[in-house]
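Taking it in order: structure first as structure tokens, then the write-up.
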Amino acid sequence: MTRWRYAAATDTGLVRDLNEDALYVDATLAVVADGMGGHAAGEVASDIAVQVVRDQFAENPTVEGLYRGIETAHRIIQADARENPEHFGMGTTVIVVGLTVDPSGVRSPTLFNVGDSRAYQLRDGAIRQLSEDHSVAEEWVRMGRLTPEEAAVHPRRHQLTRTLGIEDMLEIDVQSVHATTGDRLLLCSDGLSNELSTESLAQLASAPVPLEEAVRLLVDGARAAGGHDNISAILLEFDEVDETTVPIKRTVSTTPRTPETAGEGARRPRRPRRVTWRSVLAVVVLLVVAGAFVGVMHWYAYSSYYLGNDGGRIAVYRGQPHGVLWFKPVKVLDTSYPLGQLRPADQGFVRQTIEEPTLRAALNYATYLHRSWALGQPSASTTTTTTTTTTTPGTSPTTTVGG
Ligand code: MN
């Protein structure tokens, strides 16, 4: 029977006016959500996430129940943002550990993550990050484009590639947590992990003091380091842990993907008759080599996206800006942001094209650029002529910057 003790704390920090983080913890569930969006919209999004996950898990305390909870929260946030223009663009991260019941009736910890809130495991003073951040810089580290050291100071380390409530499709990381008695888990928003080094986190979170005190030390540490963002932390300590009989580690999507190349391998050209074995082999080898070359070039040509100028508006293209061989970039969609509604420097960058790893990242960045401009505008009446944004000056800068 898995059991944990718990403590939690959240703090507005020293810079923000509002606390848009939300958290919840009890004997079987721990949730941290870091909301973002103009005015108080981030608070709405993070509250929805925490409440819906809690309610759905109470009804169905399984991996499926938690997954449904996160998916439902995502849909509710989207619907709320559609109905309330002042909530446009709101979103939230969510990180959850639940003691889920598996088909054998075993209760064990399972971790769910969307965004850049984090989960760490602490054992004998050592620390290990369990969650992967869904930020542009961290995705690039996983793709080998940046080193972890470069990512730590990269200007886009806070730009999220996954959030509840923003894009239609949602991808959720799910993994079983392998723990032993005495292990601690730390769930936190980036307001904690950005302020403190991993070493400090390890030291404070494993301090041999009651959990309430350790959580207080963490929050005070982040405040002392500047408290630039809302700070939230939950500490769990296992008194007893069972291992699930069906361990999981995967990413699940809310909409199924259709494999583009399904069935392609089934059809092979028939071997022509009355030709020598040797010539057939030569042709086959040639075709395989040529095919592989074209395949690799095709993959490379369309492996990324970029923002560019299309007749005075920002458009999202798939491909390499100058094309590769005969693979020309393809326009995927038009954003509604005119180039003229960007800061002058950003207009130049868009004209030169800005590469992005995913479509979502591209869209997020376009929104971010537009909002950065909108923030600098003198009054609401001159802010925007687009239909997809209601951002006004004074709105917090972006839906994509969680930091
Ligand atoms: Mn934050």
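Just follow the structure's listing: the first ligand is 1, and inside any ligand the first atom is 1. Nothing fancy with the numbering, it's 1 onward along the sequence.
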Q) Do NZ/NE/NH1/NH2 and the carboxylate oxygens of R313 and D310 come within less than 4.0 Å? A) no

Q. What ring-ring contact (aromatic ring centres under 6.0 Å, His included) pairs are there with at least one residue in residues 90-134, not counting sequence neighbours?
A. none

Q | For the Mn ion (ligand 1), the closest N/O/S atom belonging to D34 | A | OD2

Q.
Restricting to N/O/S atoms, is D229 within less than 2.8 Å of the Mn ion (ligand 1) or not?
A. yes

**Q.** Residue list, salt bridge (Lys or Arg N to Asp or Glu O under 4.0 Å) with D239, at least two apart or on another chain
**A.** R5

Q) Under a 4.0 Å N-O cut-off, is there an ion pair linking D116 with R157? A) no

Q.
For the Mn ion (ligand 1), give me the closest N/O/S atom belonging to D190, just the atom name.
A. OD1

